[in-house]
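For reference, the structure discussed in these notes is given below.
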Number of protein chains: 2
Amino acid sequence: MNYELLLKQNNLKITPQRLGILQLMHEAGHISIEELFASIKKQFSSISLATLYKNINAMLETSLIKEVKAPEVKARYEISKTPHAHLVCHVCGEFKDIHFDVVHVAHTIADTSGYTINDTSLIVSGTCPKCQ
Amino acid sequence: MNYELLLKQNNLKITPQRLGILQLMHEAGHISIEELFASIKKQFSSISLATLYKNINAMLETSLIKEVKAPEVKARYEISKTPHAHLVCHVCGEFKDIHFDVVHVAHTIADTSGYTINDTSLIVSGTCPKCQ
DNA sequence: TAGTTAGATGATAATAATTTTCTTTTAAGT
DNA sequence: ACTTAAAAGAAAATTATTATCATCTAACTA
């Protein structure tokens, strides 16, 4: 994945810290602020938490990344992809993407409600097969 | 709505503060901590924010109430009802219930994923007809 | 390729959000 | 009424997030 291009397309300067953040986010799939901070410190031992927050906010504003807010648990961040849903195991805490047609759901709801939809968040929580 | 019964069924003591919180939550439909605190102080001028948090947490634990976490905005709380979805207008901030069959969605996902589902959160954000 | 500049970083302080602690009070069962 | 476990309220403590500011660097230009 070309993170430099991704930043450039979003009018964000390319910095080693940002590349590191995106790399970690990509590897983890879905990562919380604290996990991200713990990991990024291995590469940039003096990185500031403020820098992390500022970058997360900058990338959220341009929609380069997305915030996933599931009930009960801390927010996690992912690189924006085609719309999809999430599955969370409340035992092991793992997040998974699921290819569920959220766009279709959004259209249905738009039609009946008269709203102009620009985001659909579908998060299903339960126990994964391993944890049952 | 019988809040005393609701509390009793959840093994929570009936206190005037709790009745007030439930009343306000019911009237507002979906309410944030700060809104709730501002409103409840009109009835109980010396209520502590700690009391509010403790009660919210106690009621969440028994599932008497539910936390609705939408992207971009603060969490809101509602009295638990039959499963439904939410529509949020990011202009006026209003939350609305929508009668979308989230249980059916959960079943579909359970079947293909092998997860045991116990919660489904579907939140659609956009612009409401008034705000367009 | 050096010079310029807007924007990024990191340190720290400030603010906001939430939880803990502890003493006093009260709900609810004897 | 008496007892007791739990709740309320005040305050402090903790955690999360944002703001400030001096220094540094990415990226553009001559």
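Labels below follow one simple rule: chain letters A, B, ... track the order of the sequence lines, proteins then strands, and each chain is numbered from 1.
Following rounding to the nearest Å, A:Phe44 (CZ) and C:dA8 (P) show an atom-to-atom distance of 16 Å. Protein atom CG of B:Leu36 is 12 Å distant from nucleotide atom P of C:dT18, rounded to whole Å. Rounded to whole Å, the distance from CD on A:Glu34 to P on C:dT18 is 15 Å. Rounded to whole Å, atom P of C:dT9 lies 12 Å from atom CD1 of A:Ile56. Distance, A:Ile40 CD1 to C:dT9 C1': 13 Å, rounded to whole Å. Atom CZ in B:Phe37 sits roughly 15 Å away from atom P in C:dA16 (whole-Å rounding). Nucleotide C:dT9 holds its P atom 10 Å from the CG atom of A:Leu52, rounded to whole Å.
Note on A:Thr15: only backbone sugar-phosphate atoms sit closer than 4.0 angstrom, heavy atoms only; bases stay farther off. Contact annotation for B:Lys8: no contact, since no heavy-atom pair falls under 4.0 Å across all strands. As judged by a 4.0 angstrom heavy-atom cut-off over every strand, A:Leu49 is placed among the base-contacting residues.
Considering only side-chain N and O atoms, B:Tyr53 lies nowhere under 4.0 angstrom from the phosphate OP1 or OP2 of C:dT19. Look at B:Asn57 and you won't find any side-chain N or O under 4.0 angstrom from OP1 or OP2 of C:dT18. For the OP1/OP2 pair of C:dT9 and a distance below 4.0 Å, the side-chain nitrogens and oxygens of A:Ser46 include no atom meeting the criterion. The side chain of A:Asn11 places no N or O atom within less than 4.0 Å of a non-bridging phosphate oxygen (OP1 or OP2) of C:dG7.
The two residues A:Ala106 and A:Ile117 come nearest to each other via the heavy atoms O-CG1, 3.7 Å. When all heavy atoms of A:Gly114 and B:Gln132 are compared, the closest pair comes out as O-NE2, 3.1 Å. Closest approach of B:Glu72 to A:Glu67, counting heavy atoms only: N-OE1, 4.2 Å.
The shortest distance between side-chain heavy atoms of B:Val73 and B:Phe95 falls below 4.5 Å. Side-chain contact check for B:Lys69 versus A:Ile123: every heavy-atom pair is 4.5 Å or farther apart. Contact check for A:Ile65 versus A:Leu22: side-chain heavy atoms found under the 4.5 Å cut-off. Considering only heavy atoms from C-beta on, A:His84 comes within 4.5 Å of A:Glu78 through its side chain.
At a non-hydrogen distance threshold of 4.0 Å, B:Gln17, B:Arg18 from residues 17-26 of chain B come into contact with DNA chain D.
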Atom pairs and distances, donor-acceptor, side-chain atoms in residues 9-21 of chain A, under 3.5 Å, two or more places apart:
from: A:Asn10; atom 1: OD1; to: A:Thr62; atom 2: OG1; distance (Å): 3.3
from: A:Asn10; atom 1: ND2; to: A:Leu6; atom 2: O; distance (Å): 2.7
from: A:Thr15; atom 1: OG1; to: A:Arg18; atom 2: N; distance (Å): 3.1
from: A:Arg18; atom 1: NE; to: A:Asn55; atom 2: OD1; distance (Å): 2.7
from: A:Arg18; atom 1: NH1; to: A:Lys13; atom 2: O; distance (Å): 2.9
from: A:Arg18; atom 1: NH2; to: A:Asn55; atom 2: OD1; distance (Å): 3.2

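Within a 6.0 Å radius of NZ in B:Lys130, no more than 12 heavy atoms belonging to other residues, nucleotides or ligands are found.
Contact footprint of chain A on DNA chain D: nucleotides with an atom under 4.0 Å from a non-hydrogen protein atom, first to last in 5' to 3' order, D:dA16 to D:dA27.
If A:Ala50 and A:Leu12 are placed on DNA chain C by their nearest nucleotide, the residue sitting closer to the 5' end is A:Leu12.
Within the 3.5 Å criterion, the main-chain N or O of A:Leu64 finds a donor-acceptor partner in the side chain of A:Ser80.
Checked against C:dA6, C:dA17, C:dA27, the side chain of A:Lys13 finds its nearest nucleotide in C:dA6.
Between the side chain of A:Lys54 and the base of C:dG10, a donor-acceptor pair under 3.5 Å is found.
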